[in-house]
Amino acid sequence: MGSLPTVASSPECAPQTRGKVAASDLAPLFGAQRRNLEHFFERLDLAQAAAFAQALLDAPGAVFFTGVGKSGIVARKLAQTLASLGFARAGFLAPVDALHGDIGSVFPGDVLVLLSKSGASDELLALAPCARAKGAYLISLTSAASGSACPLAAACDLNVHLPLQGEVCPFGLAPVTSSAIQMVFGDTIVAAIMEARRLSRDQYAANHPAGKIGKALIFKVQDVMKTQDELPLCKEGDMIMDQLTELTSKGCGCLLVVDDECHLIGTFTDGDLRRTLKAAGPAIFNLTVGEMCNRNPRTISADAMAVEAMEKMESPPSPVQFLPVVDSNNVVCGIITLHGLVSAGL
C-alpha cells in the first residue's frame with residue numbers, strides 16, 4: 001500500500017478563514033448534478049433493472065444488502081425500506097462482520113445484493129464466493145462497466161450497471177453523485193415492488209405503528225374524537241346567551257345544535273357569537289341559537305381516517321377548527337377538533 005501524505009498541524013498552516021458559499025457558487029454545482037442524474041436516467045438499462053426487481057420479488061428466502069463506505073450506508077437504508085414493506089425478510093449484512101461469522105444468517109435461496117461504485121471493493125470480492133458457497137443468489141449494483149474493470153460483476157449471478165458520468169466533487173472522487181444514484185435506483189425499485197405486490201395502505205400501516213406515517217395510516221376519527229359528556233350540545237330553541245357556558249367550557253369553540261333525537265341541525269361557533277354581537281347588539285339577548293347557527297356545516301363519519309378529517313378542516317373556502325361526527329342517519333356521535341388532531345401527532 002502507498003503512504004498517505006503528511007498533513008501539517010501547526011497554527012501557521014491552519015486556514016485563516018472558513019470561506020463563504022454564495023448562491024452563484026451553488027448554481028453550477030446543482031447544474032452539474034442535474035446533468036449527471038440525467039445521464040444516469042438516459043442510459044440506465046431498464047431490462048437489467050426489471051430483472052433486479054423480479055429477483056427481489058421472487059426471492060424464496062431473505063434479501064440481504066451489503067456494501068462498504070457510503071455504498072454500505074445506502075445498502076443499509078434500502079434493506080430497511082424493503083423490510084418495512086413486510087413482503088420478505090430483509091436486512092443489512094456488514095461485509096467484514098459477515099466474514100467473521102455473520103454469514104451464518106445466509107441460507108440457500110437467499111438473495112445478497114452487493115453495492116459498489118467501483119465493482120472492485122476488496123471486502124465484497126472476499127464475501128461473494130463465501131455467500132455463493134452458502135447457496136445465495138448474488139446481485140451486484142455497480143457503476144463500473146462489466147469486464148476486467150469490474151470483477152464483482154463477474155462474481156455475481158446478475159449485475160446492474162448504474163451509469164455514472166462523474167462525481168460533483170472538486171476532485172471527482174467523493175461519492176456525492178454515485179451514492180445519490182444508488183439511492184434513487186434502489187428506492188424506485190422498491191416503489192415498483194410495492195405496485196407489483198399491490199401493497200395496501202392497511203398492509204403498509206401494519207409495519208409503521210409509530211410516528212406520523214403510522215398515525216396518518218392507522219388513526220381513524222373515532223380514535224381521537226370527543227364523545228358523550230364532552231360534546232357541546234344545545235337545542236335550536238335555546239337562547240344564545242344561555243348557552244355561553246356550554247360554548248366555552250367544552251374546549252371545542254362551538255355548539256352542536258341538535259333536535260330531541262340528537263340529529264344534527266347546525267353549528268354555532270364563538271366566531272358566530274362575536275359576529276352576532278356586533279350586528280345585533282343588545283338584541284342578542286332575544287336571539288335563539290337556531291336563528292343564527294350554520295345549518296350546512298362540514299361533517300365526517302367516525303370510521304373515516306383522521307388525516308381525512310384534517311384535510312377536510314383545511315379545505316376551501318375557509319378552514320375550520322372542528323367537524324361534527326355523524327352516522328348515516330345524521331345523528332351526532334362525536335366531534336373532532338384540530339387541536340385534538342395535533343395533540344395526537346397528526
Side-chain angles (χ1 to χ4, degrees), residues 40-41 44-68 70-95 97-98 102-116 124 127-128 130-142 152-153 156-162 179-220 305-307:
F40 163 73
F41 289 123
L44 176 65
D45 188 329
L46 294 180
Q48 288 184 352
F52 174 57
Q54 196 64 50
L56 299 187
L57 274 170
D58 296 340
V63 178
F64 292 98
F65 291 79
T66 189
V68 181
K70 304 302 182 292
S71 294
I73 294 173
V74 175
R76 186 184 297 275
K77 189 272 179 189
L78 295 178
Q80 292 173 337
T81 301
L82 186 62
S84 73
L85 305 184
F87 294 142
R89 291 182 297 110
F92 174 74
L93 186 66
D97 292 340
D102 284 6
I103 200 171
S105 60
V106 177
F107 286 83
D110 289 349
V111 173
L112 179 62
V113 182
L114 304 95
L115 281 75
S116 172
L124 300 187
L127 174 60
C130 300
R132 183 179 294 283
K134 295 279 292 183
Y137 183 81
L138 308 183
I139 305 174
S140 59
L141 306 181
T142 69
L152 186 61
C156 294
D157 300 290
L158 171 66
N159 178 67
V160 180
H161 179 231
L162 306 182
S179 59
I181 286 172
Q182 290 173 339
M183 189 79 78
V184 168
F185 174 80
D187 281 341
T188 304
I189 293 298
V190 169
I193 291 173
M194 293 172 70
E195 290 188 4
R197 286 292 187 92
R198 293 179 173 82
L199 182 71
S200 69
R201 289 173 62 93
D202 289 341
Q203 289 174 316
Y204 189 71
N207 296 318
H208 296 80
K212 199 159 188 175
I213 291 178
K215 291 174 181 177
L217 292 172
I218 294 175
F219 276 24
K220 293 189 174 183
M305 302 304 296
V307 69

Next item on the list: Evaluate the ring planes of Phe52 and Phe185, with Trp represented by its six-membered ring, and classify them as parallel (under 30°), tilted (30 to 60°) or perpendicular (over 60°).
Entry: parallel
Check: CG of Asp97 to OG1 of Thr66: how many Å apart, nearest 0.5 Å?
Finding: 9.5 Å
Notebook entry, point to check: Does some side-chain heavy atom of Leu85 sit less than 4.5 Å from a side-chain heavy atom of Tyr204?
Noted result: yes
Margin query: Quick check for you: to the nearest 0.5 Å, what is the distance between Leu158 atom CG and Ile139 atom CD1?
Written below: 5.0 Å
Next item on the list: Check whether more than 12 heavy atoms from other residues, nucleotides or ligands sit under 6.0 Å from atom NZ of Lys77, and answer yes or no.
Entry: yes
Margin query: Let me confirm one number: the OG-CG distance from Ser179 to Leu162, rounded to the nearest 0.5 Å.
Written below: 11.5 Å
Next item on the list: Take Leu141 and Gln182, measure what side-chain contact (heavy atoms from CB on, under 4.5 Å) needs, and give me the verdict at the end.
Entry: CA-CA 8 Å; Leu141 306 181; Gln182 290 173 339; 5.9 Å; no
Notebook entry, point to check: Which heavy atom in Leu57 sits nearest to a heavy atom in Arg197, and how many Å separate them?
Noted result: O-NH2, 3.1 Å
Margin query: To check you understand the geometry: which heavy-atom pair defines the closest contact between Gly104 and Phe107, and what is its length?
Written below: O-CE1, 3.8 Å
Margin query: Tell me the closest heavy-atom pair linking Met183 and Leu78, and the distance in Å.
Written below: O-CD2, 4.4 Å
Note to self: Quick one, Asp45 with Val160, criterion side-chain contact (heavy atoms from CB on, under 4.5 Å). Give me CA distance, side-chain angles, the key distance, then yes/no.
What the structure shows: CA-CA 8 Å; Asp45 188 329; Val160 180; over 6 Å; no
Next item on the list: Measure across Ser116 and Leu124 and return the closest heavy-atom pair with its distance rounded to 0.1 Å.
Entry: CB-CD1, 3.8 Å
Check: Measuring from Tyr137:OH to Leu112:CG, what's the distance to the nearest 0.5 Å?
Finding: 12.0 Å
Check: Considering all heavy atoms of both residues, which atom of Arg89 and which atom of Gly61 are nearest to each other, and what is their separation?
Finding: NH2-C, 4.4 Å
Note to self: I need the Ile189 CD1 to Met194 CE distance, nearest 0.5 Å.
What the structure shows: 13.5 Å
Notebook entry, point to check: What pair of heavy atoms forms the shortest contact from Asp157 to Ala136, and how long is it?
Noted result: OD2-O, 4.2 Å
Item checked: Charged N-O contact under 4.0 Å between Asp110 and Lys134 -> no
Check: How many angstroms lie between CG in Leu152 and OG in Ser140, if you round to the nearest 0.5 Å?
Finding: 4.5 Å
Item checked: Under 3.5 Å: donor-acceptor pair, side chain of Arg76, backbone of Ala94 -> no
